[in-house]
There are 2 protein chains.
Amino acid sequence: MADRSPAGVVISGESLLFLTDEQLRRGIEAMFFAYRGFTADPDRILQDYSYGRAHHRAIHFINRSPGTTVNNLLSILGVTKQSLNRVLRALVDDGLVESRVGTRDKRERHLFLTETGQTLERALSEAQRNRMRAAFRAAGPDAVSGFRTVLEQMMDPDMRKHYQDGTDGAK
Amino acid sequence: MADRSPAGVVISGESLLFLTDEQLRRGIEAMFFAYRGFTADPDRILQDYSYGRAHHRAIHFINRSPGTTVNNLLSILGVTKQSLNRVLRALVDDGLVESRVGTRDKRERHLFLTETGQTLERALSEAQRNRMRAAFRAAGPDAVSGFRTVLEQMMDPDMRKHYQDGTDGAK
DNA sequence: CTTGGAAAGTCAACAAGGCTGACATAATGT
DNA sequence: ACATTATGTCAGCCTTGTTGACTTTCCAAG
């Protein structure tokens with residue numbers, strides 16, 4: 001389990017990694033091709049609603065944190081307010097998202113998915129989870145753990161906190 | 001090493017995975033945030049050249065397979081020839097890519113990076129490799145192996161062959 | 001040798017979704 | 001009172017994707 005070296009994938013013995021440019025290049029392409037697969041299923045669904053990935057992202061994070069503010073969403077998504085606003089306006093107009101004026105601070109708008117919004121969210125995330133689940137099952141528990149460890153290291157530190165916000169303990 | 005369960009990440013004992021929707025959602029967000037980090041460094045460099053990610057992708061795969069044809073590139077990148085052509089034209093006009101008419105089949109164009117093109121390629125891939133290397137080192141060899149296993153499972157089968165083409169043994 | 005079809009290039013038009021800049025409004029905090 | 005913050009909005013621009021139509025070049029089969 002430690003001394004076999006199939007196809008240049010496995011690295012070395014103890015903790016020193018032999019990272020050739022070639023191996024790094026393979027990691028880069030893995031990210032590229034996998035991300036395409038990762039987005040493929042939701043993209044197909046979104047076409048039927050004539051929405052794009054930007055709408056999906058907004059829906060995802062509103063669903064994750066109901067009542068989140070526009071500003072919070074902006075810092076997660078890393079786009080301009082004009083870009084986000086265009087997307088949110090469409091979702092509100094179409095009745096998928098509700099925007100409630102804040103009670104404590106009336107400048108803020110708190111965002112929620114409506115019933116309709118939740119329905120689309122479920123369709124999108126179910127498709128994406130199915131692929132993720134299949135990949136996780138085929139890869140096995142240790143691989144899943146490694147997958148998450150590497151991805152977390154790849155994030156910008158600012159984003160890492162948004163990621164960790166969703167830790168299981170939080171609920 | 002097998003029975004500890006830090007922060008809901010590690011799964012279970014033998015080979016049956018407890019994959020809650022919550023854990024899958026975390027995997028989904030990991031992909032989202034990590035991909036942003038993954039592209040951040042090259043994106044910054046590309047701005048100086050007023051190129052975009054599409055140019056980066058073309059440059060990457062031409063560098064990986066010098067002499068590749070337009071058609072082959074199309075099937076890897078999964079865009080329309082019109083989209084790719086726009087990008088290639090810019091790169092050829094700017095002297096980063098050379099397009100040679102095929103010798104056997106003169107309809108085909110074989111693509112190569114010029115010296116200038118190779119210089120930009122090195123700058124882009126070095127930035128991207130640096131982040132990948134740092135992530136791999138911080139995560140450790142086992143995590144790297146798992147990372148690759150999961151990502152490969154996440155790809156569409158059609159793409160998996162393009163990924164595997166780059167196996168070490170191939171050269 | 002003719003002809004069908006594949007490979008490539010090109011033009012036009014369009015849409016999504018980024019961006020900047022400028023400006024308006026309302027509420028908050030000092 | 002005043003500066004700041006949160007949000008929304010208008011206008012315009014860019015990249016990168018799309019479709020559809022059309023041409024040129026060339027290989028290969030009839």
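Protein chains get the first letters and strands the later ones, always in sequence-line order, with residue 1 at the start of each.
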Problem - Aromatic plane relationship, A:Tyr35 with B:Tyr35 - under 30° parallel, 30 to 60° tilted, over 60° perpendicular - result: parallel

Exercise for the section: State whether a side-chain donor-acceptor pair under 3.5 Å links A:Tyr51 with A:Asp94. Expected result: yes

Practice task
State whether the distance check finds a donor on one side and an acceptor on the other, under 3.5 Å, for side chain A:Arg86 versus base C:dG18.
Solution key: yes

Handout entry: Nearest listed nucleotide, side chain of B:Thr80, among D:dT19, C:dA8, D:dT9
Key = D:dT19

Exercise for the section: With the side chain counted from C-beta on, respond yes when B:Tyr49 and B:Leu96 share a heavy-atom pair under 4.5 Å apart, and no when they do not. Expected result: no

Practice task
Check each residue of residues 91-110 of chain A for a non-hydrogen atom within less than 4.0 Å of any atom in DNA chain D, then write out the ones that pass by number, or none.
Solution key: A:Arg107, A:Glu108, A:Arg109

Practice task
Measure from the side chain of A:Ala54, starting at C-beta and using heavy atoms only, and say which of D:dC10, C:dG17, C:dC23 lies closest.
Solution key: C:dG17

Practice task
Answer yes or no on whether B:Arg100 is positioned over the face of B:Phe112, meaning its NZ or CZ is under 6.0 Å from the six-membered ring centre and within 45° of the axis.
Solution key: yes

Handout entry: Criterion side chain to side chain donor-acceptor pair (under 3.5 Å) on A:Glu29 and B:His60, from CA distance to verdict
Key = CA-CA 9 Å; A:Glu29 294 189 6; B:His60 174 95; 2.8 Å; yes

Exercise for the section: On the 0 to 90° scale, with breaks at 30° and 60°, tag the B:Tyr163-A:Phe33 ring pair as parallel, tilted or perpendicular. Expected result: perpendicular

Exercise for the section: For C:dG17, take OP1 and OP2 only and decide whether either is under 4.0 Å from a side-chain N or O of A:Arg53. Expected result: no

Practice task
Could you tell me whether the phosphate oxygens of C:dT10, OP1 or OP2, come under 4.0 Å of any side-chain nitrogen or oxygen in B:Asn85?
Solution key: yes

Practice task
Round to a whole Å and report the spacing from CZ of B:Arg36 to P of C:dG18.
Solution key: 10 Å

Problem - B:His55 side chain near D:dT16 phosphate (N/O to OP1/OP2, under 4.0 Å) - result: yes

